[in-house]
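Right, one structure below, let's go through it.
When a ligand or atom number is given, it counts from 1 through the structure's own listing order. Owing to the predicted nature of the structure, the values given are computational and were not obtained by experimental measurement.
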Amino acid sequence: MQPNSQSDPHSPASVSGWGCAKVILVGEHFVVHGAPALALPLDSVGTRVTLRTADEGKSRLELPEAAKSDKSKEVVDRAFAILGLSDRRHDWNVGVESTVPLGQGLGSSASYGLALLRALAEAIDRPLSCEQLSEHAYEIEKIFHGRPSGVDNTVIAYEIPVIFSANEGIDLLRQVTLPRLILASTGTAGSTQDAVAKVRQHRQENTRRFRALCDEAKAITESCASLLQTKFGSDMGREMGKHLDHSHRLLQEVGVSTIELDCLVDTARNAGAYGAKLTGAGFGGFMLAAIDP
Ligand code: MEV
């Protein structure tokens with residue numbers, strides 16, 4: 001919880017919860033099919049949800065214009081229900097402020113879900129473990145994305161780098177050295193659900209090849225994880241760059257890159273980056289590059 005949270009278990013005048021954003025270093029999409037992904041918290045941007053006592057029976061949901069959708073309301077109802085608070089749904093006004101670009105692969109929905117759950121937990125003075133928060137946030141993620149892997153809610157709940165695998169669970173990476181990374185946006189948003197559906201279709205049409213791609217993705221994630229945990233010196237960025245390039249080729253092959261993303265990746269490489277890839281679901285959103293510090 002952020003320092004400006006206040007709590008009064010009986011009647012909170014105002015409490016808030018925070019959810020950071022995330023970056024998938026490697027393994028997106030293949031994580032949906034059982035391969036591990038390596039994700040990092042991104043705490044320079046995030047979502048803050050503030051709960052304020054509502055006038056009798058007249059609660060309001062205040063959302064940023066771009067986030068207004070039926071799903072946002074459904075999410076609030078669901079979060080109250082998950083915490084057994086449906087009968088108190090109209091006790092609070094819910095205000096949402098976010099600096100996470102929507103639909104651009106930085107985990108805006110999980111950031112919102114975690115912020116909301118933390119605010120509610122604070123309001124009723126019921127501390128939740130990272131594991132509980134992640135499980136609850138996964139339920140909220142399903143409203144936005146159908147059947148997500150769970151990597152986004154996990155890294156945002158724990159707020160440390162994680163290796164996430166639906167089959168093998170999570171590995172929290174407490175001691176890592178990161179190369180210098182930069183993010184750049186195409187400025188366009190994409191639908192995670194559409195991108196995941198596209199990859200599923202690709203898998204159906206190319207079953208054997210897809211299995212090989214999953215194996216490659218797994219090997220990339222494992223290599224990146226050991227790189228981050230080894231004091232590798234100045235060559236770490238160069239090594240990481242090769243893995244990012246490789247990862248981008250896999251994502252191109254399954255059809256989730258775009259001309260704009262490929263253009264950003266090429267621009268980064270031509271400007272001297274060690275390697276670059278799209279990050280997140282693709283179909284727009286951000287490019288991630290490893291650079292010389
Ligand atoms: C989205 O942040 C990551 C994807 O792998 C989808 C998922 O893991 O559910 C594209």
Between Lys22 and ligand 1, which residue portion shows a heavy-atom distance shorter than 4.0 Å: side chain, backbone, both, or neither?
side chain
What protein heavy atom is closest to atom 4 (C) of ligand 1, reported as residue, atom name and distance in Å?
His29 N, 4.0 Å
Ignoring hydrogens and geometry, is there a side-chain-to-backbone donor-acceptor pair from Asp152 to Ala110 under 3.5 Å?
no
Quick note on ligand 1: atoms under 4.0 Å from a heavy atom of Val31 include exactly 5 (O), 8 (O)
Shortest reach to atom 8 (O) of ligand 1 by a heavy atom, considering only Ala195, Gly190, Ser149
Ser149
Between Glu28 and ligand 1, does any nitrogen or oxygen pair lie at a separation below 3.5 Å?
no
In the protein, which heavy atom is nearest to atom 3 (C) of ligand 1, and how far is it?
Ile24 CD1, 3.7 Å
Go through ligand 1 atom by atom and flag the ones less than 4.0 Å from a non-hydrogen atom of Ala281.
10 (C)
Please check if atom CD in Glu168 has more than 12 non-hydrogen atoms from other residues, nucleotides or ligands closer than 6.0 Å.
no
Suppose I only count heavy atoms of Val151 and a 4.0 Å limit; which atoms of ligand 1 are within that range?
8 (O)
Do we see a donor-acceptor contact under 3.5 Å between the side chains of Glu62 and Asn93?
no
At a 4.0 Å threshold, what atoms of ligand 1 neighbour a non-hydrogen atom of Pro148?
9 (O)
Does a side-chain N-to-carboxylate-O contact under 4.0 Å join Glu253 and Arg209?
yes
I'd like to know if Asp292 pairs up with Arg238 as an ion pair, taking the criterion as any Lys NZ or Arg NE/NH1/NH2 lying under 4.0 Å from an Asp or Glu carboxylate oxygen.
no
Does the pair Lys73/Asp77 count as a salt bridge with the N-to-O cut at 4.0 Å?
yes
What protein heavy atom is closest to atom 6 (C) of ligand 1, reported as residue, atom name and distance in Å?
Val32 CG2, 3.8 Å
Charged N-O contact under 4.0 Å between Lys71 and Glu74:
no
